[in-house]
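First up is the structure itself, then whatever we jot down about it.
Keep in mind the model is a prediction, meaning the values are calculated, not measured.
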Amino acid sequence: MSTSPVILHLRAETKPLEHRAALTPTTTKQLLDAGFQVYVEESSQSIFDIKEYEAVSATIVPEGSWKTAPKERMIIGLKELPENETFPLVHEHIQFAHCYKDQAGWKDVLKRFPEGNGILYDLEFLENDEGRRVAAFGFYAGFAGAAIGVLDWAFKQLHPDSENLPGVTPYPNEDALISDVKSELEKALAKTNGVYPKCLVIGALGRCGSGAVDLFQKVGIPDSEIAKWDMAETAKGGPFQEIVDLDIFVNCIYLSKPIAPFINKELLNQDDRKLRTIVDVSADTTNPHNPIPVYTIATVFNDPTVVVDVEKGPKLSVCSIDHLPSLLPREASEFFSRDLLPSLQQLPQRDTAPVWVRAKNLFDKHVARLDKE
């Protein structure tokens, strides 16, 4: 049964280098003004200082206290819970869980909810009546991914193949990120006689793809060097020779069904391959239908790329960080939380509000799979 007023408990993120938050001080205040109760955990990682939540009159509680919080609280967070924790989950949870698309270990993630009579409302699958996600980090995922793509390409122009792009840390704001990427790009252009990298964004019409294109443009890459593909261009099915004929490839598609791979090892093993950098923003690393099946690990901010094992052509790296928006945690959190707010305001009616009913039905559907597979 739904409760009113709704009590939300913002848990501290535990994924390494995850600085975003599902609720910002701005949206917390709006929820409090609407009659919600909001508990906010102290966090050693969040871009938002706990005093910012205190200033809007949220109730501050210790980091990790959600585990023993009263059952009537709804626990809201972003990234998945630690894999080494297996205790049953007794609360209603709002988060990304990454367990509905047959990802590796999905059963272990999902079964914790029915074992504790808890419920998962997966943020990835909160959709409006038109089937579009009510809130997504896509724009800043693409933006940050393209930034790392340019940094990696530039690094390769300036360093020997024995060196990999060093770790990156979150930026305080978008301007600082753009300034840094521009600086590295200009150094690389001095080595290439002013020849810009040719870039390709697949999924260019979506939130994520538009973010990637925006970054490329803001750091000064001419529009003539940015290829923008979407469903029309990929309709014939891969793999695509065009991808290996350019320098930076950013994959921004939403994988909803099996598709032919965009590239494969055969295409990559060409002496005249130009492609140096792949950014798999979609990061379907463990999905059996990953359309970029040339790497097997998810990379992280402090080691952002993995080298692809190729026999011919220049050094090739993949960035497959699965929480790229955390490179710009403040802007990304504000952007996401603002879009999520109207749906959160419907939580007192979650037994009947379509966005929450659909999410609950999807949860029930996948829980039923646990016993069948």
Where is the tightest heavy-atom contact between I148 and V168, given as atom of each residue plus distance?
CD1-CG2, 4.2 Å
Any Lys/Arg nitrogen of K187 or E184 sitting under 4.0 Å from an Asp/Glu carboxylate oxygen of the other?
yes
Within the distance-only criterion (no hydrogens, no angle test), does the side chain of E225 pair as donor or acceptor with the backbone N or O of P222 below 3.5 angstrom?
no
Is the backbone N or O of S44 less than 3.5 Å from a side-chain atom of E63, with the two atoms forming a donor-acceptor pair by type?
yes
Measure across A332 and F137 and return the closest heavy-atom pair with its distance rounded to 0.1 Å.
O-CE2, 3.2 Å
Within the distance-only criterion (no hydrogens, no angle test), does the side chain of H98 pair as donor or acceptor with the backbone N or O of W106 below 3.5 angstrom?
no
Between E41 and W66, is there a donor-acceptor pair closer than 3.5 Å when you use the side chain of the first and the backbone of the second?
yes
Can K15 and D322 be counted as an ion pair, charged N to O under 4.0 angstrom?
yes
Check whether K274 reaches the backbone of P197 with its side chain - one donor and one acceptor, N or O, closer than 3.5 Å.
no
N290 side-chain N/O to I292 backbone N/O, donor-acceptor pair under 3.5 Å
yes
Please say yes or no: joined through hydrophobic side-chain contacts below 4.5 Å, possibly via intermediate residues, are V279 and V181 part of one cluster?
yes
Under 4.0 Å between a Lys/Arg side-chain N and an Asp/Glu carboxylate O for K236 and E242?
yes
Quick check against the 3.5 Å criterion: does T277 have a side-chain atom that pairs as donor or acceptor with the backbone of I248?
no
Counting N and O atoms only, with roles assigned by atom type, does the side chain of T14 sit under 3.5 Å from a partner on the main chain of L81, one being a donor and the other an acceptor?
no
Apply side-chain contact (heavy atoms from CB on, under 4.5 Å) to the pair V6 and M74, showing each step before the final yes or no.
CA-CA 8 Å; V6 168; M74 297 189 73; 4.0 Å; yes
Any Lys/Arg nitrogen of K182 or D175 sitting under 4.0 Å from an Asp/Glu carboxylate oxygen of the other?
no
L110 vs Y100 side-chain heavy atoms within contact, under 4.5 Å
yes
Closest non-hydrogen contact found for P293 with I263 is CD-O, 3.4 Å
Provide the closest heavy-atom pair for Q45 versus H19 in the form atom of the first, atom of the second, distance.
O-ND1, 2.6 Å
Do the side chains of D102 and R369 get close enough for a salt bridge, i.e. N-O under 4.0 angstrom?
yes
Spell out, as yes or no, whether a donor-acceptor pair under 3.5 Å connects the side chain of Q37 to the backbone of Y39.
no
Please work out which of the three classes, parallel, tilted or perpendicular, describes the rings of H159 and F155, given edges at 30° and 60°.
parallel
